[in-house]
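Chain identifiers are assigned alphabetically (A, B, ...) following the order of the sequence lines, protein sequences preceding nucleic acid strands; residue numbering begins at 1 within each chain. The figures here come from the full heavy-atom set of this structure, side chains too, leaving out hydrogens, waters and symmetry mates.
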Amino acid sequence: MPELPEVETIRRHLAPHVEGRVLERLEVLDERWCRPLTPRQLADATDGRRVERLSRRGKYLVFELSDEVFLLVHLRMTGTLLLGPGARPAHARVLFTLDDGHELVFVDPRRFGTGELALGAEARDAFLAARLGVEPLGDAFTTTHLRALARGVRAPIKGFLLDQKRIAGVGNIYADEALFRARIHPLRPAGKLKPAQLDALRAAVVVSLEAGIAAKGATIDDFRDPYGVQGSFQDQFLVHTRAGEPCPNCGTHIVKIRAAGRGTYYCPKCQPAPRVRRARAPQAAAARPVSSPARSARTSSW
DNA sequence: CGCCCTGTTGGGGA
DNA sequence: ATCCCCAACAGGGC
C-alpha cells in the first residue's frame, strides 16, 4: 500500500539497512518505471553512489545519494520494496544491489510505480513542491493552516483530503477513516465546514495516520523476507471497505458511495449529509450504492 | 472459460 | 477550479 503509513513504515524499517551503503547497481527491468529516462541513463546517474539518507515526503520515498543525486520513488497502488536477497518474486521491476550483499527489489504487479531522478537539492525541492502540500504529521499542519486551506473551497471534503497538493500523504483509506472520526460527511463542501469541524478533522487525520503507522509497524519487522508480511492490517479499519457492516459508534449500516472517483465509505447517521441535494434526475436524489449501474448520478452534480 | 467490475494513485485533458 | 478517464494488471462475481 502506497498510503502514507506504508511508506512511512518502509522508510523506518528500510533506512537502517540502506543508509551508508553504496548502491553498486540499479537494474531497471521495466523501462516504464523511470520514463522518460532510460534505465541506462538512470543507472549512470546512480551506480556507485552512497545512500546518504532515506527520507519521505508525502508518498514519495527519497533516496539521497552522494553528490546530491536524488532518486524519488513512488509506490502508487501496488508497489512494494523488499529487502533481499531471496527468491526472485513475480513482478520484480527494479533491483538495487548494495555493497554489503543486500539487494532491494521493487515489486509492482500493476506497474504504476515510478522512479524519478533529481540532480541537486534545488531540483528535488522543485519536483516535490510542484506536487505536495503540507505534511500532516509535521508542525505546520495546524488548525489555522487547515482552515486557510479549506477557505472558499466548494469541492467535497473527500476530494480535498485526497489532493496531495493541499495535504501530502493522505490516501483513500485514511481520508475515510479521518472523516468518520471527525463525523463529517464525505460530500460536504470543504469550505462550508465550521472551524470546530476542521479542527476535529485535523486531529482525526493525525490519529488515523498514526494508527496506520503503528499497526503496520507492528506487523512488519523483517524486511529480509522477500515476500513481505501478510498482516491483518485492514482489520482495524473503522469504515473503509465495511459497506453493510454496523458502524462501531451507532450500529447503523455503513454505506458506500463514489466520491472524487474513489470508493468512499461512511456512516449515514454519524456523518450526516450536508443538505437535501438538488437532484439532476428525479431518481438521483440520494447517495446510491456504487454497485448501481446508474453511473449518471455523479457526485459532482451535488 | 470469458466478461465485467473493482482498486491502496496521480497526471492530463476537458 | 474541478472532475473524468486512463495507465496495467489481478482477483472475484456471475
- prompt: Which whole-number value in Å describes the distance from I157(A) CD1 to dC3(C) P?
  reply: 12 Å
field: d(OH, Y174(A); P, dT8(B)) in whole Å
entry: 12 Å
- request: Check for a donor-acceptor pair, side chain of Q271(A) on one end and backbone N or O of C267(A) on the other, with a separation under 3.5 Å.
  value: yes
- prompt: When you measure from the side chain of H91(A), which nucleotide among dG10(B), dA10(C), dT9(B) comes out closest?
  reply: dA10(C)
- request: Could you tell me whether the side-chain ring of F112(A) sits stacked on the base of dG10(B), using a centroid cut-off under 5.5 Å and a plane angle under 30°?
  value: no
- prompt: Given atom CZ of R154(A) and atom C1' of dC3(C), what is their separation to the nearest angstrom?
  reply: 14 Å
message: Give the dot-bracket line for DNA chain B from 5' end to 3' end: parentheses for intra-strand Watson-Crick or G-U pairs under 3.5 Å, square brackets for crossings, | for inter-strand pairing, dots for unpaired.
response: .||||||.||||||
message: Of the listed nucleotides (dG10(B), dT2(C), dT8(B)), which one gets closest to any side-chain atom of I173(A)?
response: dT8(B)
query: Quick one: do R93(A) and E31(A) make a salt bridge, cutoff under 4.0 Å?
result: no
- request: Determine, stepwise, if the pair Q197(A) / L201(A) fulfils side-chain contact (heavy atoms from CB on, under 4.5 Å).
  value: CA-CA 6 Å; Q197(A) 288 181 298; L201(A) 181 57; over 6 Å; no
task: Answer with yes or no after comparing the ring centroid distance for F63(A) and F96(A) against a 6.0 Å cut-off, counting only values under it.
output: yes
field: Gap between atoms CG and P, on D30(A) and dA7(C) respectively (whole Å)
entry: 16 Å
- prompt: In whole Å, what separates the P atom of dC4(B) from that of dC6(C)?
  reply: 15 Å
query: N249(A) and K269(A): side-chain donor and acceptor closer than 3.5 Å?
result: no
field: Minimum-distance nucleotide to P109(A) side chain [options: dT6(B), dG10(B), dA10(C)]
entry: dA10(C)
- prompt: So, D199(A) and K194(A), do they make that salt bridge, N to O below 4.0 Å?
  reply: no
Value in whole Å for how far the P atom of dC6(C) lies from CZ of R111(A): 18 Å
- line: Only one of V134(A), L161(A), L146(A), V153(A) passes side chain to side chain contact (heavy atoms under 4.5 Å, CB included) with R166(A), and that residue is V153(A)
query: Looking only at side-chain N and O atoms, does R166(A) come under 4.0 Å of OP1 or OP2 in dT2(C)?
result: yes
message: Among dT9(B), dG7(B), dC3(C), which nucleotide has an atom closest to any side-chain atom of N172(A)?
response: dT9(B)
Nearest-nucleotide pick for K256(A), side chain only, options being dC9(C), dT6(B), dG10(B): dT6(B)
message: Taking dC4(C) as the reference, what is the distance to dT6(B) when you measure between their P atoms (whole Å, please)?
response: 14 Å
- line: Whole-Å distance, M77(A) CE to dT8(B) C1', equals 6 Å
Dump every N/O contact between nucleotides 11-13 of chain B and the protein below 3.5 Å, one line per pair.
residue: dG11(B); atom: OP1; partner: R131(A); partner atom: NE; Å: 3.3

- request: Answer yes or no: is there an ion pair linking E3(A) with K216(A), defined by an N-O contact shorter than 4.0 Å?
  value: no
- prompt: Any chain of hydrophobic side-chain contacts (each under 4.5 Å) joining L65(A) to L14(A)?
  reply: yes
dT8(B) versus dG12(C) - spacing of their P atoms, nearest Å: 15 Å
query: E116(A) CD to dT9(B) P: how many Å, rounded?
result: 17 Å
field: Transitive ILVMFWY side-chain link I173(A) to L162(A), under 4.5 Å
entry: no
query: Which value, in whole Å, describes the distance between the P atoms of nucleotides dC5(C) and dC5(B)?
result: 13 Å
- request: Consider the side chain of A155(A), meaning its heavy atoms from C-beta on, and name the nucleotide among dG10(B), dA7(C), dC3(C) that approaches it most closely.
  value: dC3(C)
- prompt: How long is the line joining CZ of R93(A) and C1' of dA10(C), in whole Å?
  reply: 12 Å
message: Other members of the hydrophobic cluster containing L132(A), with the 4.5 Å side-chain heavy-atom rule, please.
response: Y60(A), V62(A), F70(A), L72(A), F127(A), L128(A)
query: Can you find a side chain N or O atom of K165(A) that sits less than 4.0 Å from OP1 or OP2 on dT2(C)?
result: no
query: Are OP1 or OP2 of dG7(B) and a side-chain N or O of R258(A) less than 4.0 angstrom apart?
result: yes
message: Under 4.0 Å from OP1 or OP2 of dT9(B): is there any side-chain N or O of H74(A) that close?
response: no
